[in-house]
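These notes concern the structure reproduced below.
Note: hydrogens, waters and symmetry copies are ignored here, and every other heavy atom, side chains too, is used. Quick note on labels: first sequence line is chain A, next is B, and so on, each numbered from 1.
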Amino acid sequence: MPQANSVVVLDFETTGLSPNLGDRAIEIGAVKLVNGEVVDTFQQLMNPGFRVSSFIESYTGITNNMLRTAPSCDEVMASFSEFILDENLIAHNASFDKRFLDAELERINRGYSGEFACSLLVARRLIQGAPSHKLGELVRYKNIDNDGVFHRALADAQMTAKLWLLMVDELEQLGIAKPSFQFMKTVSKTAKGNVNLLLAKSRA
DNA sequence: TGCCAGGCCCTCTTTAGGGCCTT
């Protein structure tokens, strides 16, 4: 059973957009939060078994030379599956990361018991004034601490975690007592126009 | 051969189309 007070925020860098078209993971980064505090991190490059495009090299800064000596996806994902055991999961545009997580774990016959929540879907509802809901844009808009690194797995996971905690904080300031992972999922599934109604009903 | 993601969400919608996000 997933723990109620802890969660893992994760981010993949990949060779492209779709595991169904043969794309693979090339880096996984994650932070484990317990009661809103970072207690552990995970970051690992992985060798997908073929060369990545020059687009991906320049988009992520991860080069073929860096991947040449990296351990295989199978090896890294086996270790990552231990990291996320029994944890609920968060990602920015979670449907993307879930597809890659599921595809990579299926290859090694591993699974996980947690559920996914999506920081992008929550942000679209709670941060409606943002010029866009790209992770980098939300980080700028909300003045979230960052080290200037974007499109690397651990850096993006850290920023996503900070964004998530900021949104939880904002809900607490609006009178929602200790917004849970499940409550955040409910927010993400509520029609935009009904979010204020949900919050009004949920106030302590 | 040539093409290829997929889920969410809005609207000039629901017998559909297109932008936003992720790499």
Produce the list of close N/O pairs, under 3.5 Å, pairing protein atoms with atoms of nucleotides 3-5 of chain B; give distances to one decimal.
residue : atom : partner : partner atom : Å
B:dA5   : N3   : A:Arg99 : NH2          : 3.4

Let me know, please, whether A:Lys189 or A:Leu120 comes out on the 5' side of the other along DNA chain B by nearest nucleotide.
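Its nucleotide being nearer the 5' end, the pick is A:Lys189.
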
Atom-pair distance ([atom1] on [X]; [atom2] on [N]), nearest Å:
X	N	atom1	atom2	answer
A:His92	B:dC8	NE2	P	15 Å
A:Arg124	B:dG19	CZ	P	14 Å
A:Asp97	B:dG7	CG	P	14 Å
A:Ile127	B:dC20	CD1	P	18 Å
A:Leu121	B:dC10	CG	P	11 Å
A:Lys192	B:dG19	NZ	C1'	12 Å
A:Lys98	B:dC8	NZ	P	11 Å
A:Arg24	B:dT22	CZ	P	23 Å

Counting the atoms with a prime plus P, OP1 and OP2 as sugar-phosphate, which does A:Phe55 contact under 4.0 Å by heavy atoms, base, sugar-phosphate, or nothing?
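The residue A:Phe55 makes base contact.
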
Rounding to the closest angstrom, what is the interatomic distance between [N] and [M] at atom [atom1]?
N	M	atom1	result
B:dC21	B:dG2	C1'	27 Å
B:dT13	B:dG18	C1'	12 Å
B:dC12	B:dC8	P	22 Å
B:dC4	B:dG19	P	15 Å
B:dC20	B:dT1	P	35 Å

Sub-4.0 Å heavy-atom contacts from residues 148-160 of chain A onto DNA chain B, ordered by number
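Output list: A:His151, A:Asp156.
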
Taking DNA chain B as the partner, which of residues 57-78 of chain A come within under 4.0 angstrom of it by heavy atom?
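A:Tyr59, A:Thr60 - these, ordered by number, are the residues of the stretch whose heavy atoms sit under 4.0 Å from the strand.
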
Under 4.0 Å between a side-chain N/O of A:His133 and OP1 or OP2 of B:dC20, yes or no?
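Negative; the distance criterion is not met.
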
Does OP1 or OP2 of B:dC21 have a side-chain N or O of A:Ser132 closer than 4.0 Å?
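Looking at the OP1 and OP2 atoms of B:dC21, one of them is under 4.0 Å from a side-chain N or O of A:Ser132.
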
Tell me if a side-chain donor or acceptor on A:Arg24 pairs with a main-chain N or O of A:Thr15 at a distance below 3.5 Å.
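No, the answer is negative, given that no donor and acceptor are paired below the 3.5 Å cut-off.
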
Checking A:Lys32 side chain against A:Phe83 main chain: does a donor-acceptor pair fall under 3.5 Å?
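Here the side-chain-to-backbone pair exists.
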
Sidechain N-carboxylate O distance under 4.0 Å for A:Arg110, A:Glu82
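Yes.
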
Please list all pairs passing the side chain to side chain donor-acceptor pair (under 3.5 Å) test where one or both residues lie in residues 67-80 of chain A, with sequence neighbours left out.
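Found A:Asn65-A:Arg68.
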
Restricting to side chain to side chain donor-acceptor pair (under 3.5 Å), what partner residues turn up for [X], sequence neighbours left out?
X	answer
A:Thr60	none
A:Ser6	A:Glu87
A:Arg51	none

Which residues pass the salt bridge (Lys or Arg N to Asp or Glu O under 4.0 Å) test with A:Glu57, not counting sequence neighbours?
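Counting only residues at least two positions away or on another chain, A:Glu57 forms no salt bridge (Lys or Arg N to Asp or Glu O under 4.0 Å).
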
Which pairs count as salt bridge (Lys or Arg N to Asp or Glu O under 4.0 Å) when at least one residue sits in residues 179-195 of chain A, sequence neighbours excluded?
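Pairs touching residues 179-195 of chain A that pass the test: A:Glu115-A:Lys185.
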
Taking only residues two or more places apart in sequence, or in another chain, which ones meet A:Phe181 in a ring-ring contact (aromatic ring centres under 6.0 Å, His included)?
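Per chain and number, A:Phe181 pairs via ring-ring contact (aromatic ring centres under 6.0 Å, His included) with no residue.
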
Tell me every residue that passes ring-ring contact (aromatic ring centres under 6.0 Å, His included) with A:Phe150, counting only those two or more places apart in sequence or in another chain.
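With sequence neighbours excluded, A:Phe150 shows a ring-ring contact (aromatic ring centres under 6.0 Å, His included) to no residue whatsoever.
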
What residues, two or more places apart in sequence or in another chain, satisfy side-chain contact (heavy atoms from CB on, under 4.5 Å) together with A:Pro179?
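Applying side-chain contact (heavy atoms from CB on, under 4.5 Å) to A:Pro179 gives A:Val168, A:Leu171, A:Glu172, A:Ile176, A:Phe183, A:Met184.
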
